[in-house]
2 protein chains.
Amino acid sequence: MTIPRNAVSAKDVAEAAGVSRAAVSRTFTPGASVSPTTRAKVLAAAERLGYHVNHLARGLITAESGIVALIVAELDTPFRSRLLAALTEKLQADGKVAMLINTDRSDESVKGALRQAISYRTDAAVVLSGMPDPALGDLCIRNGLRLVLINREEGRPGALHIRLNDAACGAQAFEALRRIGCVRPAVATSRSATTSLRLRAEGFAHAAEDAGLPATREAIGVTSYAAGLDLGTALLSRSEPPDGIFCTTDLLAFGVLDVARQRFGRRVPEDLSVIGFDDVAQAGWDAYRLTTFAQPVDEISESIVSWLDGNGAADDLVELDAHLVWRDTVSMPSR
Amino acid sequence: MTIPRNAVSAKDVAEAAGVSRAAVSRTFTPGASVSPTTRAKVLAAAERLGYHVNHLARGLITAESGIVALIVAELDTPFRSRLLAALTEKLQADGKVAMLINTDRSDESVKGALRQAISYRTDAAVVLSGMPDPALGDLCIRNGLRLVLINREEGRPGALHIRLNDAACGAQAFEALRRIGCVRPAVATSRSATTSLRLRAEGFAHAAEDAGLPATREAIGVTSYAAGLDLGTALLSRSEPPDGIFCTTDLLAFGVLDVARQRFGRRVPEDLSVIGFDDVAQAGWDAYRLTTFAQPVDEISESIVSWLDGNGAADDLVELDAHLVWRDTVSMPSR
DNA sequence: CTGAAAGCGCTTACAG
DNA sequence: CTGAAAGCGCTTACAG
């Protein structure tokens, strides 16, 4: 019985308009039946009083809050923030609203985020990073929360899984390097063992092996620019340094590029070719002009929103393609 | 009377624990009085059933949803996403949760975002970009929404205003350039007329004028890397090109730097010095090593959270300092 | 410390 | 099309 912070309620509007509370509820519920006359009266009163439907109360009744939780780690990373921007935009266009929950990738942290989402009765939770253990998935389902997992391997019944053609991209990266004449291919990746990164690296390694040009593989640190620097240093310090490097992430590629040019004096692409993954904004900057795979960020977002819209209670899998965008760190294959 | 999506409620827990609904409510309300025995019974039952307090219902009663709306445009921009990350992190640490609302900077769009916030009865709205017209501020206040404005000039009673020492930084930038011997200073900024950008540019221009070295001023496009490219081109194509450029934003500086080196063959800092603003991650990358002003992102976030915690109904102003971080695009002043 | 009861602001069968 | 009434899941005086 605290003071209800003087927000105006449906009751106020009803009185002002001389109608019932049900009438005002109906004029704000799409598809409900109200006569044009009452509707007009209600709208006028609502406008005058500054009424806004209380979505908390509505959510309580309809069991649909309209909120979807976005669970993400390292959201200030270029790729992550781009995905976040696209996702919130599509969500809003669809009449939903995003709740942003930061995690540190630890299981405990993701669990806390999921609990948060449950407490607010969000309609769904989208896990952009971190890999919830199976028990957490059950927690969601049991609480009527729909789950979408991006780039997670393990299947979870009832959830939407979004995957990329990671392995195929890895193979394509090798193929691109082979075509321009690279003979000492390498893959550079981080030790963060996410499924997608592993798949990209494996796809590359397998293709290389099949072609009889075994790739050297280096994995250092977390996915960051700094790790890229270390990766480049490690790779180019070898007695037989690579002449083509596939980095599983753009951030890694930028570090490799900088260290290759500035510390090892390599010319790119003359002495060394580099391919990245993500197609983050910086990949298009003149300092890099990185040849890389573009993640279909808009398609990912759209798939999620449309799955959310459907009432697909069944589990689902969406496979999307990343495609290579050619810039200047690999010579165009001559045909 | 739709099926309440089988989430478990306090009533279920009460029955399972053999206590009243009030008892379970109390065990989840910090500071409420429950005996250790009942508390234990409730906790056990809650754990077993997977109970989570419904924050929608709680918010309805307490008139505090625990949600704070973050209203932001271009959130996939390096600085914006960094601020967003810091803010959500502090907010969470303080027991609140962030609702992320994307806008396109238009007044109409910000208005929609604010309405969204009101509908969900968020405790506060933090406007990271876009400049709401005065009427919108009133809308918030009238609906019991606390407002925090970052880098907005116009005062709004009841709101928290966070400002930086923008003008002083502009002056300091000029001073830094003058000390190393620049004689043809320039400011490069965008046409997005935000207060902070304007103040930075003016601070620089005034200091230059006072020193008898009038600065040339160029303003192009929106705040982006692409605009930086155009800015650099425009400035360096002049008959008397500048030897020192202060860019009101790091993004602009990266463009200027790339075009200066690659298209105009300038060596930095030998032929040209450049100073940015924000200290975004890329400023530390080897390709740039940009001397720039670091925004006190953590302090900004902390100020907001602590203001939110206090019940300061009065309006408030917090002034924070950005400080220059020296890297390699300006020679250290010799003393 | 504890429970019964009122009330937050809404939506939705149910009758008319 | 419309209103009176029930109910969503919670918290909080009020009595005990």
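Chain letters run A, B, ... following the sequence lines, proteins first, then strands; residues in each count from 1.
Formation of a donor-acceptor pair under 3.5 Å by the B:Y120 side chain with backbone atoms of A:S65 is found in this model. Listed for the A:D94 side chain is no donor-acceptor partner under 3.5 Å among the backbone atoms of A:L91.
No side-chain heavy atom of B:L60 sits less than 4.5 Å from a side-chain heavy atom of B:L56. Counting heavy atoms from C-beta on, the side chains of A:N54 and B:R121 come closer than 4.5 Å.
Counting any heavy atom pair closer than 4.0 Å across all strands shown, B:S9 reaches sugar-phosphate atoms only and no base atom. Within the nucleic acid shown, A:Y51 comes within 4.0 Å of sugar-phosphate atoms alone, with no base atom in reach, counting heavy atoms only.
You'll find that the side chain of A:T62 is closest to C:dT11, out of D:dG9, C:dT11, D:dT11. Distance from the side chain of A:L60 is smallest for D:dG9 among the nucleotides C:dT12, D:dG9, C:dC10.
Per the geometry, CD belonging to B:E64 stands 18 Å off P belonging to D:dC10, to the nearest Å. Taking atom NZ of residue A:K11 and atom P of nucleotide D:dA5, one finds them 15 Å apart after rounding to whole Å. Going from atom NZ of B:K41 over to atom P of C:dC1 covers 15 Å, rounded to whole Å. When the C1' atom of D:dG9 is taken as reference, atom NE2 of B:H52 falls 15 Å away, rounded to whole Å. Atom CG of A:L56 and atom P of D:dG9 are 15 Å apart (whole Å). In this structure, A:I61 places its CD1 atom 8 Å from P of C:dT11, rounding to the nearest Å. The interatomic distance linking B:D12 (CG) with D:dC8 (C1') rounds to 13 Å, in whole Å. In this structure, A:N54 places its CG atom 5 Å from P of C:dC10, rounding to the nearest Å.
Atom CG of residue A:L100 and atom CD of residue B:E89 lie 11.5 Å apart, to the nearest 0.5 angstrom. Between the NE2 atom of B:H52 and the CG atom of A:L145 there is a distance of 10.0 Å, given to the nearest 0.5 Å. Taking CE of B:M99 as the start and OG1 of A:T88 as the end, the distance is 12.5 Å to the nearest 0.5 Å. Taking CD from A:E74 and OG from B:S81, the interatomic distance works out to 12.0 Å, rounded to the nearest 0.5 Å.
Comparing the same atom, P, in D:dA13 and in D:dG9 gives a spacing of 23 Å after rounding to whole Å. One P atom belongs to D:dA5, the other to D:dC1, and the distance between them is 23 Å to the nearest Å.
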*Would you sketch DNA chain D in dot-bracket for me? Only Watson-Crick or G-U wobble pairs with both distances under 3.5 Å count, crossing pairs as [ ], other-strand pairs as |, the rest as dots.*
|||.||||||||.|||

Between the protein and nucleotides 2-4 of chain D, are there any N/O to N/O pairs under 3.5 Å, and if so, what are the atom names and distances?
from, atom 1, to, atom 2, distance (Å)
D:dT2, OP1, A:S35, OG, 2.8
D:dT2, OP1, A:T38, OG1, 2.8
D:dT2, OP2, A:S35, N, 2.9
D:dT2, OP2, A:S35, OG, 3.4
D:dT2, OP2, A:T38, OG1, 2.7
D:dG3, OP2, A:S20, N, 3.3
D:dG3, OP2, A:S20, OG, 2.9
D:dG3, N7, A:R26, NH1, 3.3
D:dG3, O6, A:R26, NH2, 2.6

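Considering only residues two or more places apart in sequence or on other chains, B:S20 meets the side chain to side chain donor-acceptor pair (under 3.5 Å) condition with none of them.
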